[in-house]
Amino acid sequence: MSHTAEAHHDDHHDAPTGIKRWLFATNHKDIGTMYLVFSLVLFFIGGAMAMVIRAELFQPGLQFVDPGFFNQMTTMHALMMIFGAVMPAFVGLANWMVPLMVGAPDMALPRMNNWSFWILPVAFSLLLSTLFMPGGSPAGGWTMYPPLVMQTGDAFPFLIFSVHLMGMSSIMGAINIVVTIMNMRAPGMSLLKMPLFVWTWLITAYLLILAMPVLAGAVTMLLTDEYFGTSFFNAGGGGDPLMFQHVFWFFGHPEVYIMILPAFGIVSQIIPTFARKPLFGYDSMVYATASIAFLSFIVWAHHMFTVGMPLAGQLFFMFSTMLIAVPTGVKVFNWMTTMWKGSMTFETPMLFAFGFLFLFTIGGFSGLMLGITPADFQYHDTYFVVAHFHYVLVPGAVFAIMAGVYFWLPKWTGHMYNEKLGKLHFWLSAIFVNVTFFPQHFVGLAGMPRRIPDYATQFADFNMISSIGAFVFGASQLLFVYIVWSCVRGGEKATQQVWEGAEGLEWTVPSPAPHHTFEVAPEVK
Amino acid sequence: MRERFRRFIPSAVRGVIVFLLAIPAALADWEVNLMEGVTPISRDTFELHMIIFWVCVVIAVVVFGVIIYSLYAFRHSRGAVPDTSMLHSTKMEIVWTIIPIGILVAMAIPAAETLIRIEDTRSPDLTIKVTGYQWKWHYEYLGAPDDAFVKNNFGFFSNIDAASNAARQVDSGIDVYEIEHYLRNVDKRVVVPVNRKVRILLTSNDVLHAWWVPELGGKRDAIPGFVNEMWFLAEEPGVYRGQCAELCGRDHGFMPIVVEVQSEDDFARWVTEQGGAAGGGPEVVVDAGGAMTTADSGDGGAGSSAAVDMDMSFDELMTRGEAAYLTNCSACHQPNGQGLEVGGFPALAGSAIATGDLAAHVDQVLNGKPGTAMASFAYLSDADIAAIITYERNAWGNDTGEMIQPADIKAAR
């Protein structure tokens, strides 16, 4: 058996090495690695922009940057983090782990896989190049609301084109994941035997396929409004500036779940592993994920309660938004019950999963509050909203990604990472993410709008705390790079199973996972 | 494992104690909560906010309590053995689906009631049309001959106050703590009567804005081409401050809103001062400087000026021009006329427009420059435009010596 496997490997020894290995990569592990490295780079670029924002907000008055540049930073920070850091990180994890988890030798469409990755550096080079253009980068917010976005200078077509490219990359990535999961599962692995990470990614991929073309349509209409004389969103020409917001958030709300469902999946892999007990209520976890995905398409207007919708519309979107709390609650309760009467240890992935569980839930509570329309009239566009979505995205999505990286890093590299440093990284991150974002609830409630470079003096104290938290949180992430780097370089040898409680096909291949796995499909049960 | 945990405890406990001690101080000195406000709607909203907040707190205590207990009780290091006898329970799934739905329904009913009241803008006692501009607000009081307070329309622009505006420039060197109501003060306040239903009609001249004074209740977007409605009824006289809440470009952070709630008598007197009390006359336009002028058009601010017939001296034009320039133009072109390269805003000092053909200069100010952030400023009075153009052609070493009169602007419109 092992002899045949080795003989087979020899066929691939003429595979390209050096730069060609990456440029022409079709191997899901290589492409997954590229996605992850890319997202880490963008995480730091977006993070540097956040540092500029927090430095300016450290005290009232304008100390460092022009207000126009500040708006460029908030806009670019969001675009970098959403499309450059969080989404590619999840796609990278899917590339690495989905074939390993379903027992497939590779992704179904390897060449398209290469293409969907290599579009991304091009898209982000275009977008980042606008920083050096006359008029600077887009500064109208990542939501690109017209008419303001029409005031973007030379950067405008670059913004539209790069968003198109990001969308194409995501759609191709999503198609690849759907086809892989639907067609390449090992014999015996029925849909309801798939690991939850695979399930959440399957649903996420459908969300991507449904939502990204809507964004492409919205930005194309912006483009024709600017250059081809149409008036989709121009009231002066009979158009409707509000229609953009409806179309955008029809994409934008599913997008929110695109960034959180795979995180649910990762946490659902990690908690059972370190609780040494299978996931409680597997079926209802799957159904809850699907319900959230469905609901995500009928709640979009809660992002725009203040635009002056008819009362009936406001009531509908308030009720549908509140409903999302139900399946989300089901997930939290199931994780809670999974830990009940388990036997838990607290390695770094588990710590990050706990961080996720507590802090994402806090983000969920503020989300519920925001769903109450009359209260939203006060919260809308304040720092309360900023606090809310950073709670679900940083200790939510980003913590889950980091949990996943620590969880699977030994499988990827064949080495254990430095557990002590990993725990230090967790505690620094968990404490300072709260120092950064918790006070933002307070300034938001007290009346500080978001996206302002300077503020009235009553907001000064909490802003200073928030900035200090952000600087330490940002610096702590350098530790993450060091831990990953040193784990790639060497360290204690990882076993095949890596974690005592780990179950699933990915733990049946050696560590590090060889370049080609499951060339002979494994039999599931 | 336990050893490490034990070492962690003292420092964690100390941190928690410091934090808990800080809470009462924070509550006393620092705003941490929504303002209750002074209108029935803001009070209802505050109540909803507190209910949903405490609901969240109770759920958090239960859920986090169970998780934290599990963290303690079911640790591998305490010898916990996993109990895999129960891995799913339809009964439990139903329970934790039904209970949240019940809580949500209980929440949704009062929320819907409040929402219905918020949307009821019928029979107001006073209507003010608010128009957002980059980056100031225009207020127009809509009058009617049989109206209790306002017999004929009058309006004015409301800009950020000069002190805040000077202090907020990059590296201004001014201590913002010395400025009273830094960034929350205006050159001219909106005045409304106490205990009267005030309806706000909201629209915009350029991009999206949002009008928000927290103590008067929620916010609403100002959208070009649309008219949105909102209302408030302030129950206590006083001064209430807010600001634009929807990103509207470079100076989004610098368009404050100040509403002064006065007794009915004071308000009536104020309306008379503004020229809004005399029935049936032409619209009266009051500019931010306080000079009252009579407009012959009914379209809000874009009136001509009483100064039309009289020539202004060069010095008059320059003085008025500097003030009007600082209010209307300096956000982009900067107080020193040097523009702002990072924003794509050109310098006026030594520029072809400001030192070249006078007619082209007038045209640019009146009609804007398509495809750029330079909007039309035709809504300013003839006198202001004449003053601004004269100022721009003679300040910062432009020294053309040329001046233009309000009558010429009127002719060029």
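Chain letters run A, B, ... following the sequence lines, proteins first and then strands; every chain starts at 1.
Heavy-atom distances place no part of B:A167 under 4.5 Å from chain A, backbone and side chain included. B:W96 touches chain A through backbone and side chain together, each having a heavy atom under 4.5 Å away. Contacts of B:Q134 with chain A are made by side-chain atoms alone, with heavy-atom separations under 4.5 Å and no backbone atom involved. Of the two parts of B:M86, the backbone and the side chain both hold a non-hydrogen atom closer than 4.5 Å to a non-hydrogen atom of chain A. At a 4.5 Å heavy-atom cutoff, the contact between B:E119 and chain A is made by side-chain atoms alone. Neither the backbone nor the side chain of A:F274 comes within contact range of chain B; no heavy atoms are under 4.5 Å apart. When heavy atoms are compared at a cutoff of 4.5 Å, A:P146 approaches chain B solely by way of its backbone atoms N, CA, C and O. With a threshold of 4.5 angstrom between heavy atoms, A:A275 approaches chain B through N, CA, C or O but not through any side-chain atom. Heavy-atom distances place the side chain of B:I223, and not its backbone, under 4.5 Å from chain A. In this structure, the portions of A:F333 lying under 4.5 Å from any heavy atom of chain B include both its backbone and its side chain. Only the side chain of A:T382 has a heavy atom closer than 4.5 Å to any heavy atom of chain B. When heavy atoms are compared at a cutoff of 4.5 Å, A:N71 approaches chain B solely by way of its side chain, counted from C-beta outward. Proximity to chain B involves both the backbone and the side chain of A:L148, based on heavy atoms less than 4.5 angstrom apart. Heavy atoms of A:D283 lying under 4.5 Å from chain B are absent altogether. With a threshold of 4.5 angstrom between heavy atoms, A:F365 approaches chain B through its backbone and through its side chain. When heavy atoms are compared at a cutoff of 4.5 Å, A:I431 does not approach chain B at all. Interface residue A:P453: only side-chain heavy atoms are found under 4.5 Å from chain B. Of the two parts of A:Q440, neither the backbone nor the side chain holds a non-hydrogen atom closer than 4.5 Å to a non-hydrogen atom of chain B. If you measure heavy-atom distances from B:N228 to chain A, the contacts under 4.5 Å come from the side chain alone. At a 4.5 Å heavy-atom cutoff, B:I103 makes no contact with chain A through either its backbone or its side chain. Both the backbone and the side chain of A:A456 come within less than 4.5 Å of a heavy atom of chain B. Looking at B:D251, only its side chain comes within 4.5 Å of chain A, counting heavy atoms on both sides. Only the backbone of A:Q63 comes within contact range of chain B, with at least one heavy atom under 4.5 Å from a heavy atom of that chain.
For the atom pair CG of B:L208 and OG1 of A:T306, the computed distance is 9.5 Å after rounding to the nearest 0.5 Å. From A:T457, atom OG1 reaches atom OH of B:Y177 across 6.5 Å, with rounding to the nearest 0.5 Å. Distance check: B:I118 CD1 to A:T373 OG1 gives 8.5 Å after rounding to the nearest 0.5 Å. Here the CZ atom belonging to B:R250 is positioned 12.5 Å from the CD atom belonging to A:Q151, to the nearest 0.5 angstrom. For the atom pair A:M344 CE and B:H76 NE2, the distance stands at 12.0 Å (nearest 0.5 Å).
Between A:P374 and B:T45, the closest heavy-atom pair is O-CG2, 3.3 Å. The shortest non-hydrogen separation linking A:F280 to B:S89 is CZ-N, 3.8 Å. Contact detail for A:V326 and B:P100: the closest heavy-atom pair is CG2-CB, 4.4 Å. Listed here is the closest heavy atom pair of A:F319 and B:A108: CE2-CB, 3.6 Å. For the pair B:R168 and A:L62, the tightest heavy-atom approach, listed with the atom from each and the gap, is O-CD1, 3.0 Å. The minimum heavy-atom distance linking A:P449 with B:R184 is given by the pair CD-NH2, 4.3 Å.
For the residue pair A:S284 and B:E93, a side-chain donor N or O sits within less than 3.5 Å of a side-chain acceptor on the partner.
The candidate with the highest count of non-hydrogen atom pairs below 4.5 Å against chain A, out of B:I179, B:L34, B:V176, B:L183, is B:L34. Chain B forms the most heavy-atom pairs under 4.5 Å with one residue out of A:G281, A:G342, A:A375, and that residue is A:G342. Of the listed residues (B:P82, B:P224, B:G253, B:G249), the greatest number of heavy-atom pairs within a distance under 4.5 Å of chain A belongs to B:P82. Heavy-atom pairs under 4.5 Å with chain B were tallied for A:G308, A:S366, A:G371, A:A235; the largest tally goes to A:G308. Between chain A and the residues B:A210, B:A80, B:A222, B:G242, the largest count of heavy-atom pairs under 4.5 Å involves B:A80. When each of A:S343, A:P327, A:G236, A:G239 is checked for heavy-atom pairs under 4.5 Å with chain B, A:S343 comes out on top. The candidate with the highest count of non-hydrogen atom pairs below 4.5 Å against chain B, out of A:V149, A:L323, A:N334, A:L242, is A:N334. Chain A forms the most heavy-atom pairs under 4.5 Å with one residue out of B:G225, B:G37, B:G217, and that residue is B:G217. Looking only at heavy-atom pairs under 4.5 Å with chain A, the residue among B:D175, B:I116, B:D171, B:L115 that has the most is B:L115. If you tally non-hydrogen atom pairs under 4.5 Å between each of A:F70, A:F354, A:F64, A:F305 and chain B, the highest count goes to A:F354. Ranked by non-hydrogen atom pairs under 4.5 Å with chain B, the options A:T143, A:V332, A:D240 are led by A:D240.
The backbone N or O of A:K277 lies less than 3.5 Å from no partner atom in the side chain of B:T84, so there is not a single donor-acceptor pair. Judged purely by atom type and a 3.5 angstrom limit, A:Q378 uses its side chain to pair as donor or acceptor with the backbone of B:P214. At least one donor-acceptor pair closer than 3.5 Å links the side chain of B:K219 to the backbone N or O of A:H380. Panel note: side chain A:D66, backbone B:V170; no donor-acceptor pair is recorded below 3.5 Å.
For A:F377, the ring pair (Phe, Tyr, Trp, His ring centres under 6.0 Å) test picks out no residue, with sequence neighbours left out.
No more than 12 heavy atoms of other residues, nucleotides or ligands shown are found within 6.0 angstrom of CD on B:E180. Within 6.0 Å of NZ on A:K331 lie more than 12 heavy atoms contributed by other residues, nucleotides or ligands. Around the CD atom of B:Q334, the shell of radius 6.0 Å holds more than 12 heavy atoms that belong to other residues, nucleotides or ligands.
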Show your reasoning for whether side-chain contact (heavy atoms from CB on, under 4.5 Å) applies to B:F226 and A:V307. CA-CA 10 Å; B:F226 283 70; A:V307 301; over 6 Å; no

Under the side-chain contact (heavy atoms from CB on, under 4.5 Å) criterion, do B:L104 and A:L368 qualify, and how do the steps go? CA-CA 9 Å; B:L104 290 176; A:L368 183 57; 3.7 Å; yes

Could you tabulate the donor-acceptor pairs under 3.5 Å formed by side-chain atoms of residues 46-71 of chain B, not counting sequence neighbours?
{"from": "B:H49", "atom 1": "ND1", "to": "A:Y379", "atom 2": "OH", "distance (Å)": "2.5"}
{"from": "B:H49", "atom 1": "NE2", "to": "B:N33", "atom 2": "OD1", "distance (Å)": "2.8"}
{"from": "B:S70", "atom 1": "OG", "to": "B:V66", "atom 2": "O", "distance (Å)": "2.8"}

